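To keep things clear, I will list the structure first and then write my remarks on it.
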Amino acid sequence: MRHVGRHRRLRVAILSAALGLSVWGAAFTFTQASFSEGDVLSAASLNALLNDNFQAASDAIDAKLGVTGGTVTGRLNIMADAVEDPVLGAGGRTTTFFVRNEAAEGETASILSANSSQESPALLVGQEGPGAAVTLKAAGGGDFIQAFSGFTPSFRVQNDGTVSIVSENASLTLHAATGTIENQVGSGLPLAFGVVDTDGDKLSGTSNWSSSYDAGDQAFTISLVGTAFDPVVHTVSLNAIRTDLGDAPVAMSLVASNGKLIVQAQNALNGDAGPVPFSFTIHDGTP
């Protein structure tokens, strides 16, 4: 009877320790039992205690999740202290949920699907802190986002920030590198525009150009930043700014020289060249 009671107390101690451990790790570590000198414990009793511990861990997992066929049933809440992200690394970027895809090429790491008659999203992300609600990192150089309507691509965000929107009848691309907008016929926002004063000073306009005036040649020079002007692909509109209704009409002309625009203003009545304020707009017609 002495040994039976001791066995029972030992069973309770080991079982309590096993159930108190986390059952979500990749392996289970149970507290080893200690025996006092003179205790008698048969091999069968020890095996029974070990089997009970493993069965308790299995029962705890089965009670928490239904994993038959790899399916989790019921609502799953994941709550944990964040740790260093295994992909993003250090730098304060941490995670409490991580999915790694180690399947064959072309497999998707995770899919979220909603099948409901209600207007409910398949994924809802809420953020109450100062950080971004969603952060995407294309470590392999692929797109940040690809969206499809059926099997037709409809929305794309490339890793340089370029955004493309495509529908059945139209398309729109926001080019991040050039800061231009392109639609299905190649037109969009101007490459550059602005107003130049009589002395060649820039009065207003985009930030990607500079101007000057040469009194000897009586010509203005407009230089584009990071882009060489090409009269074959760039179209230009020039408009003289007349400050008085009685001013003579002005004819504007331009010449391309070394990637720059050389603009000249002439009195339309007598052909005399001279400085006048004017506005210009340049579009990029690259196919």
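For clarity, every value in this text was computed on a predicted model and none was experimentally measured. These numbers come from the heavy atoms of this one structure, side chains and all, not from hydrogens, waters or symmetry mates.
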Could you tell me whether the side chain of [Y] reaches within less than 4.5 Å of the side chain of [X], counting heavy atoms only?
X: Phe155; Y: Val166; answer: no
X: Pro249; Y: Leu269; answer: yes
X: His175; Y: Thr173; answer: yes
X: Val196; Y: Leu203; answer: no
X: Met252; Y: Val263; answer: yes

Is a donor on one side and an acceptor on the other found under 3.5 Å between the side chain of [X] and the backbone of [Y]?
X: Asp217; Y: Ala219; result: no
X: Asp197; Y: Asp199; result: no
X: Ser211; Y: Gly200; result: yes
X: Asn208; Y: Leu191; result: yes
X: Gln158; Y: Asp160; result: no

In this structure, would [X] and [Y] fall into the same cluster of hydrophobic residues linked by side-chain contacts under 4.5 Å?
X: Phe148; Y: Leu136; value: no
X: Ile222; Y: Val225; value: no
X: Phe144; Y: Leu112; value: yes
X: Val157; Y: Leu123; value: yes

For Phe278 and Asn239, what are the C-alpha separation, side-chain angles and deciding distance, and is it a side chain to side chain contact (heavy atoms under 4.5 Å, CB included)? CA-CA 5 Å; Phe278 69 95; Asn239 294 283; over 6 Å; no

I'd like to know whether Val250 forms a side chain to side chain contact (heavy atoms under 4.5 Å, CB included) with Asn267, so could you lay out the CA-CA distance, the side-chain angles of the two residues, the decisive distance to 0.1 Å, and finally the verdict. CA-CA 5 Å; Val250 178; Asn267 187 310; over 6 Å; no

Measuring from [X]:[atom1] to [Y]:[atom2], what's the distance to the nearest 0.5 Å?
X: Gln264; Y: Leu238; atom1: CD; atom2: CG; result: 12.0 Å
X: Leu254; Y: Lys260; atom1: CG; atom2: NZ; result: 15.5 Å
X: Ile241; Y: Thr198; atom1: CD1; atom2: OG1; result: 10.5 Å
X: Leu172; Y: Ile165; atom1: CG; atom2: CD1; result: 5.5 Å
X: Thr281; Y: His283; atom1: OG1; atom2: NE2; result: 6.5 Å
X: Leu174; Y: Thr162; atom1: CG; atom2: OG1; result: 8.0 Å

Please report the closest heavy-atom contact between Pro121 and Leu124, naming both atoms and the distance.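 In terms of heavy atoms, the two residues are closest at CG-CB, 4.2 Å.
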
Audit row: Asp284, His234, side chain to side chain contact (heavy atoms under 4.5 Å, CB included) steps and yes/no: CA-CA 5 Å; Asp284 187 349; His234 295 144; 3.8 Å; yes

Is the ring pair Tyr213/Phe220 parallel, tilted or perpendicular, if the boundaries are 30 and 60 degrees? tilted

For a side chain to side chain contact (heavy atoms under 4.5 Å, CB included) check, start with the C-alpha distance between Thr227 and Trp209, then their side-chain angles and the critical distance, and finish with the verdict. CA-CA 9 Å; Thr227 303; Trp209 61 274; over 6 Å; no

